[in-house]
Amino acid sequence: MDSRRDIANTLLNTLRDCWPDAQGLPDDLYGALEVPPDKTLGDYAFPCFRLSRALRMAPAQIAATLAQRYDQPALARAEAVNGYLNFFLNRGNFAEQTLSAILRAGDRWGASDLGQGKTVCLDYSSINIAKRFHIGHLSTTVIGNSLKRIYDFLGYRTVSINHLGDWGTQFGKMIAAYRHWGDRETVERGGVDEMTKLYVRFGQEAANNPALEEEGRAWFKKIEDGDPEALEIFHWFKDVTLKDAMRVYDILGVKFDSYAGESFYADKTGAVVQELADKGLLQDSDGAKVVNLEAYDMPPCLIIKSDGATLYQTRDLAAALYRKKTYHFDRNLYVVAYQQDLHFRQLFKVLELMGYDWAKDQCKHVSFGMVSFEGESLSTRKGVMVYLDELLARAKEKALDIINEKSPNLPDKEEVARQVGVGAVVYATLQNNRIKDIDFRWDQALNFDGDTGPYVQYTCARCGSVLRKAPDLGDTAPDYAALDNDEAQQLLLLLSRFPDVVRDAADKYEPSMITRATTDIAKAYNKFYYEHRVLDDADPAGTQARLRLTAAARSVIRTGLWLIGVEAPERM
Ligand code: ARG
């Protein structure tokens with residue numbers, strides 16, 4: 001049940017009853033209902049000045065009229081104060097309805113079919129071949145994964161795409177280097193690190209031997225031309241890189257529907273360039289071809305270099321068109337760091353100039369800030385751990401230390417440590433608005449007390465433990481009067497609003513809204529838990545109500561954690 005929705009509907013009917021002839025009234029009041037900062041002002045409030053124009057009446061008078069007519073005692077009563085209509089939920093009834101609805105929905109509380117028939121493409125993680133999975137790719141991976149889960153939950157069809165960075169002359173150089181100094185076994189064993197070494201060596205040797213550069217170019221040309229030997233090595237480089245990345249994806253629970261990366265579009269750029277030319281958008285610029293974007297306050301968008309090579313951008317143009325044609329998306333999201341802001345503004349503008357209106361309102365760069373580590377920016381790299389697999393392994397170790405100290409007798413300690421360690425990292429990444437820079441600190445992220453993953457996970461496990469300890473109350477009817485207190489009511493309110501939060505998070509591409517809401521629920525549960533004895537032998541009916549509240553809290557916290565990509569251990 002959604003009390004806000006119900007109040008909005010009843011209020012709208014009341015409004016129409018009071019002024020049947022009024023013109024220009026809103027046809028939905030859901031968005032207009034506010035949540036007052038102070039509980040003495042009610043659980044929801046409607047500012048009546050919004051109607052004064054349409055009704056030609058003072059807000060206070062509108063509020064008074066509506067208050068008199070609003071009649072829905074089972075849900076809420078309305079009070080007029082200073083031009084506001086304040087709604088106070090009927091507590092017992094609110095508790096009963098909220099809990100029944102949540103427990104009936106189970107892990108689908110907040111889910112909907114809002115997105116039915118609509119498709120969202122999500123481009124995230126999008127790592128580069130022959131490079132280690134760098135912590136710079138943590139945010140995109142984790143934000144993208146969460147958005148995918150959120151959209152799935154809302155009934156959209158999602159297409160998650162790992163737009164691999166697997167095209168460019170560097171791959172020709174790497175093949176040349178491999179043919180000179182590499183061997184299969186070493187690369188197999190050393191993985192991406194070994195490829196990097198080869199690449200670095202190529203740079204050093206090429207400084208004294210210009211013929212090498214030529215060789216590198218020739219190998220890239222061979223990749224482009226589909227030479228079997230070149231392709232075999234190139235694909236093998238990709239496999240080795242992806243094998244490393246898969247380990248990280250498995251740990252994080254991240255999945256992709258497509259790994260079509262830049263190379264996939266290499267043979268599709270010709271058509272794009274032709275189309276740009278046909279539409280009169282291409283200009284010559286010192287031998288290169290560009291789209292002039294001066295009128296939009298942007299530097300020219302480079303499409304073809306003077307040596308004839310295409311660019312990252314050219315392939316992104318081809319990719320956007322391909323995604324539209326293949327998936328018929330309603331939204332096309334790019335979860336990429338804000339450094340690429342100009343790249344995406346140019347991309348969307350060029351698509352728009354090509355006549356694709358969808359570029360404007362369906363394509364979106366979901367950008368995010370930088371990650372630093374214990375105060376050190378990652379570019380310095382001195383002694384800072386930057387690789388994702390190492391980071392996650394370290395997180396698990398540290399979590400294990402804490403668990404050994406706090407609950408040495410816990411079964412499955414290793415497994416719980418993994419869930420807590422990884423959860424701490426993911427939570428910290430999704431804790432604040434994505435555009436904010438993040439400074440990751442171990443002490444903070446792994447604190448069991450505070451706005452952290454482990455704290456929320458711990459609260460969820462606590463709910464589980466309360467439920468396990470509960471006596472069998474059979475079908476004792478719950479006495480909801482036991483929840484007529486501020487702590488329980490606050491918790492209920494947060495639980496009832498969770499579906500709104502999920503929708504908002506989807507609209508704003510902001511998983512942090514779910515992180516915050518879930519944390520608030522955990523805090524509210526703990527407050528309730530400390531103030532009220534849940535299990536009281538003398539009061540089975542009250543106990544039943546408190547247990548239902550506990551079960552609902554646990555269920556919604558689990559869902560919230562799942563939506564941000566964090567697991568919830570049974571016990572901690
Ligand atoms: N591989 C790129 C990088 O690591 C990100 C690609 C993002 N996706 C895209 N369609 N451009 O910076």
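Count residues from 1 along the sequence. Computation of the quantities below employed the complete heavy-atom set of this structure, encompassing side-chain atoms and omitting hydrogens, waters and symmetry-equivalent molecules. The shown structure was predicted, so the numbers you read here are calculated from the model rather than taken from an experiment. Both counts, for ligands and for their atoms, begin at 1 and track the order of listing.
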Is Arg323 close to ligand 1, meaning an N/O of one under 3.5 Å from an N/O of the other?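 N/O-N/O distance below 3.5 Å does not exist for this pair.
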Any N or O of His343 closer than 3.5 Å to N or O of ligand 1: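 No, His343 has no N/O under 3.5 Å of an N/O on ligand 1.
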Any Glu262 heavy atom less than 4.0 Å to ligand 1: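 Distance cut 4.0 Å: Glu262 fails for ligand 1.
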Return the closest protein heavy atom for [atom] as residue, atom name and distance.
atom	result
atom 2 (C) of ligand 1	Ser126 O, 3.7 Å
atom 12 (O) of ligand 1	Gln340 NE2, 3.0 Å
atom 6 (C) of ligand 1	Tyr312 OH, 3.2 Å

Numbered atoms and elements of ligand 1 in range of [X], under 4.0 angstrom, heavy atoms:
X	value
Phe344	11 (N)
Tyr334	10 (N)
Val336	7 (C)
Asp123	7 (C), 8 (N), 9 (C), 10 (N)

For the residue pair [X] and [Y], would you count it as a cation-pi contact if the rule is NZ or CZ under 6.0 angstrom from the ring centre and within 45 degrees of the ring axis?
X	Y	answer
Arg132	Tyr387	yes
Arg331	Trp358	no
Lys324	Phe329	yes

How about Phe264 and Tyr259: are their ring centroids closer than 6.0 Å?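 Here the rings of Tyr259 and Phe264 have centres that are no less than 6.0 Å from each other.
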Determine yes or no for a side-chain-to-main-chain donor-acceptor pair under 3.5 angstrom, with Lys279 supplying the side chain and Met354 the backbone.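 Looks like yes, one N/O pair under 3.5 Å.
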Please work out which of the three classes, parallel, tilted or perpendicular, describes the rings of Phe348 and Tyr334, given edges at 30° and 60°.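 Tilted: the ring planes of Tyr334 and Phe348 meet at 30° to 60°.
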Among Trp236, Phe234, Phe171, find the one that has a ring-ring contact (aromatic ring centres under 6.0 Å, His included) with Tyr178.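 Filter result, single survivor: Trp236.
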Taking atom types as modelled, find out whether Tyr249 and Ser125 have a side-chain donor-acceptor pair closer than 3.5 angstrom.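 Ser125 and Tyr249 do have a side-chain donor-acceptor pair below 3.5 Å.
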Applying a heavy-atom cut-off of 4.0 Å, say which part of Leu164 lies close to ligand 1: side chain, backbone, both or neither.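 Looking at Leu164 and ligand 1, no heavy atom falls under 4.0 Å.
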Give the contacting part of Tyr265 toward ligand 1: side chain, backbone, both or neither, where contact means a heavy-atom distance below 4.0 Å.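 Contact part for Tyr265 vs ligand 1: neither.
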